[in-house]
Amino acid sequence: MPELPEVETTRRGIQPYVEGHTVIKVIVRQPNLRWKVPDEIHAMEGASIVSVRRRGKYLLLECALNSKQQQRTGTAIIHLGMSGSLRIVDASQPPEKHDHIDIVVDTGKAIRLRDPRRFGALLWTTDDPLKHKLLRSLGPEPLSADFNLEYFYQQSRGRSVSIKQFIMNTHVVVGVGNIYACESLFRAGISPKRVAGKTSKKRYQKLLQMIKAVLSEAIEQGGTTLRDFVQAEGNPGYFQQKLFVYGRANLPCLVCGSKIKQITQGQRSTFYCSHCQH
DNA sequence: AAAGACACCTGTCCGC
DNA sequence: TGCGGACAGGTGTCTT
């Protein structure tokens, strides 16, 4: 479920409900996520949420802690893994199966974390979250100026992995998940099997453009579902209509009509059109 | 430093 | 209808 656009959509969805509000209680029904939810997470209780930010697919809830003298902060780090979602609910609404955590705020609303597979995470840090072990070595944000041709191309030199695995590497750039990797390569006309280090600068130029275009389009699409974010259940389905290759094995290419292929790269499925991509 | 395999866990879908 | 197996939007960790 969560690729970067959905994480960003989630961020925008919860922000107005929690920013500036005080956390009443953190209810942990199931602490065994990817890592055990630390007991220190309860430091959020009584604190106010000052910002809801995102770095890669990590959401950061920065909290102002109520210590006597000095102003201290702490940050909840949330990752949605493969199957996680955050929804705004009335705190009184009974949790369903896999609703593992509620962060209840002073308006009676709660952020509810649901995650059937439990690959997600909820962590707590009182240091700079960007220096956290999980965040400090992440590559640039894909939509920022730091993700540019010079950087992208230089990073690729000497790499023997496929270009698809290369763009999915979070140390190279964050936020390019399996769907967008496939879709960006299709739009750029580049075979996913191409060797990263042997691909021309010109191709990287095109790929860079397409990654940015696909991600920003998807964020915009996500934006249209923001309206019903609160009551929405399950997948918004906003961007399925724009998928050219992902999940379309054996179906005709929407551009040229030839059969979409499915292969495995790095234990992940790759979909591509061998006629349109070289 | 880089690459590849594996791990975590549950739900769903497909073939028999 | 039931069962086994493959597969799923992610990424840290361990080994080579």
Side-chain angles (χ1 to χ4, degrees), chain A residues 1-11 29-37 54-59 77-86 96-101 113-123 132-139 142 154-186 192-198 211 214-215 217-219 221-222 225 232-250 262-271:
Chain A
M1 187 187 297
E3 291 242 4
L4 182 140
E6 288 180 349
V7 177
E8 176 61 20
T9 298
T10 296
R11 189 192 71 74
R29 300 182 195 87
Q30 167 59 278
N32 298 316
L33 304 184
R34 182 164 191 191
W35 296 281
K36 189 177 182 305
V37 176
R54 180 185 62 71
R55 175 73 177 101
K57 294 176 188 167
Y58 293 92
L59 286 170
I77 300 173
I78 300 172
H79 197 288
L80 299 175
M82 290 274 260
S83 60
S85 63
L86 292 181
E96 292 176 30
K97 195 177 182 184
H98 304 307
D99 285 345
H100 305 314
I101 291 159
L113 170 68
R114 174 178 298 182
D115 187 3
R117 291 178 74 178
R118 288 190 271 130
F119 287 175
L122 172 59
L123 300 171
H132 188 277
K133 188 182 175 189
L134 295 176
L135 306 191
R136 69 184 171 208
S137 62
L138 293 176
Q154 284 310 317
Q155 282 288 309
S156 73
R157 294 306 88 181
R159 301 290 188 99
S160 62
V161 283
S162 70
I163 194 160
K164 195 243 189 175
Q165 288 171 280
F166 175 68
I167 63 175
M168 288 183 71
N169 181 343
T170 57
H171 300 294
V172 173
V173 58
V174 296
V176 182
N178 202 29
I179 295 175
Y180 293 106
C182 294
E183 294 299 314
S184 304
L185 285 164
F186 175 82
K193 292 192 280 192
R194 204 166 258 285
V195 174
K198 293 183 182 169
I211 289 172
V214 165
L215 290 176
E217 271 176 46
I219 290 171
Q221 303 283 317
T225 66
E233 172 53 40
N235 309 322
Y238 54 84
F239 107 124
Q240 255 123 320
Q241 346 160 355
K242 301 199 127 194
L243 296 181
F244 284 95
V245 288
Y246 186 83
R248 302 196 62 249
N250 299 319
Q262 177 172 7
I263 58 172
T264 300
Q265 294 181 292
Q267 288 118 244
R268 309 297 300 277
S269 281
T270 299
F271 301 87

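Residues satisfying the salt bridge (charged side-chain N to carboxylate O under 4.0 Å, His left out) test with R29(A), not counting sequence neighbours, are D102(A). For Q165(A), the side-chain hydrogen bond (donor to acceptor under 3.5 Å, both in side chains) partners are S162(A), not counting sequence neighbours. Among residues two or more places apart in sequence or in another chain, the ring-ring contact (aromatic ring centres under 6.0 Å, His included) test is passed with F119(A) by none. Residues forming a side-chain hydrogen bond (donor to acceptor under 3.5 Å, both in side chains) with T270(A) (at least two apart in sequence, or on another chain): K164(A), Q265(A).
Rounded to whole Å, atom P of dG9(C) lies 15 Å from atom CG of D115(A). N169(A) has its CG atom 16 Å from the P atom of dA5(B), to the nearest Å. Q30(A) has its CD atom 8 Å from the P atom of dT10(B), to the nearest Å. Atoms CZ (R118(A)) and P (dA8(C)) sit 21 Å apart, rounded to a whole Å.
The heavy-atom pair separating E3(A) from N178(A) by the smallest distance is OE2-N, 3.3 Å.
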Practice prompt. For each nucleotide in nucleotides 10-16 of chain C, reading 5' to 3', give B when a protein heavy atom comes within less than 4.0 Å of its base, S when such contact involves only the sugar-phosphate, and - otherwise.
Written response: BBBS---

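Between Q267(A) and S160(A), it is S160(A) whose nearest contact on DNA chain B lies nearer the 5' terminus.
Side-chain atoms of Y246(A) lie closest to dG9(C) of the nucleotides dA5(B), dT10(B), dG9(C).
Using bins of under 30°, 30° to 60° and over 60° for the plane-to-plane angle, the ring pair Y58(A)/H79(A) lands in the perpendicular bin.
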Worksheet item: Could you go step by step and tell me if F166(A) and V176(A) meet the side chain to side chain contact (heavy atoms under 4.5 Å, CB included) rule?
Response: CA-CA 10 Å; F166(A) 175 68; V176(A) 182; over 6 Å; no

Discussion item. Both atom distances under 3.5 Å, Watson-Crick or G-U wobble: I'd like the secondary structure of DNA chain C as a dot-bracket string, with | for pairs made across strands.
Written reply: .|||||||.|||||||

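Side-chain nitrogen and oxygen atoms of S83(A) include none within less than 4.0 Å of the OP1 or OP2 phosphate oxygen of dG11(B).
Looking only at side-chain heavy atoms (C-beta outward), P5(A) and Y180(A) come within less than 4.5 Å of each other.
Using a 4.0 Å heavy-atom cutoff across all strands shown, Q262(A) reaches sugar-phosphate atoms only and no base atom.
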